[in-house]
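Let me begin by presenting the structure, written as structure tokens, before commenting on it.
Every number for a ligand or one of its atoms is a count from 1 in the order of the listing. In what follows, every heavy atom counts, from backbone to side chain, and hydrogens, waters and symmetry copies are set aside. For reference, positions follow the sequence shown, starting with 1.
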Amino acid sequence: MSETTTDCLFCRILAGDIPADIIYESDTAIAFRDINPQAPTHVLIIPRKHVATINDIDPGDEEIVGSLYSAARDIAAAEGIAEEGYRAVMNCNEGAGQSVFHIHLHLLGGRTLSWPPG
Ligand code: 5GP
Ligand code: ZN
């Protein structure tokens with residue numbers, strides 16, 4: 001698996017080739033607002049490293065993947081939704097709704113979220 005791929009939408013956002021509303025950046029991750037938000041707060045948190053799906057996470061990626069949750073914690077606080085609650089979820093493969101094959105944590109909040117998601 002290459003570190004970046006020119007045909008990956010999110011790698012192109014990382015490279016600055018495609019504009020996005022980037023609200024968070026760290027050494028390992030960035031976050032930007034979803035183009036088709038499903039809640040008042042809908043942010044996508046992605047690793048700088050290209051990893052296609054959860055199935056492709058290597059043992060050495062654990063710190064990177066963990067950093068996505070640290071980002072979610074900080075962004076939820078900044079968005080003012082930490083106390084009321086939010087969801088941080090990652091879809092894996094088409095059957096679960098994954099459409100962009102560069103892993104991303106959806107951070108959703110600002111409204112009541114039902115369960116199960118369907
Ligand atoms: P998935 O379906 O893979 O779990 O989530 C992909 C998400 O990426 C979707 O919520 C979709 O709205 C979002 N998305 C797709 N293309 C773009 C884009 O060009 N810019 C941004 N900001 N979000 C995008
Ligand atoms: Zn990518």
Testing the basics here: between N55 and N93, what is the closest heavy-atom pair and its distance to 0.1 Å?
ND2-ND2, 3.5 Å
Short side-chain to backbone donor-acceptor contact, H104 and A31, under 3.5 Å
no
Of all N, O or S atoms in H50, identify the one at the shortest distance from the Zn ion (ligand 2).
ND1
Any salt bridge (Lys or Arg N to Asp or Glu O under 4.0 Å) involving residues 22-41? Give me the pairs, sequence neighbours left out, ordered by first then second residue.
D21-R33, E25-R48, R33-E79
How are the rings of H42 and H106 set relative to one another: parallel (under 30°), tilted (30 to 60°) or perpendicular (over 60°)?
tilted
Opening angle at the Zn ion (ligand 2) [SG, C8; SG, C11; to 10 degrees]:
120°
Could you pull out every protein residue that has a heavy atom closer than 4.0 Å to ligand 1, ordered by chain and then number?
L9, F10, F32, R33, D34, I35, N36, L44, N91, G97, Q98, S99, V100, H104, H106
Atom of H102 nearest the Zn ion (ligand 2) (restricted to N/O/S, atom name only):
ND1
If you apply the rule side chain to side chain contact (heavy atoms under 4.5 Å, CB included), what do you find for I46 with F32, and how did you get there?
CA-CA 9 Å; I46 73 170; F32 49 88; 3.8 Å; yes
Of D56, L9, T53, V51, which is the lone residue that meets side chain to side chain contact (heavy atoms under 4.5 Å, CB included) with F101?
T53
For Y86 and L108, what are the C-alpha separation, side-chain angles and deciding distance, and is it a side chain to side chain contact (heavy atoms under 4.5 Å, CB included)?
CA-CA 6 Å; Y86 57 92; L108 295 147; over 6 Å; no
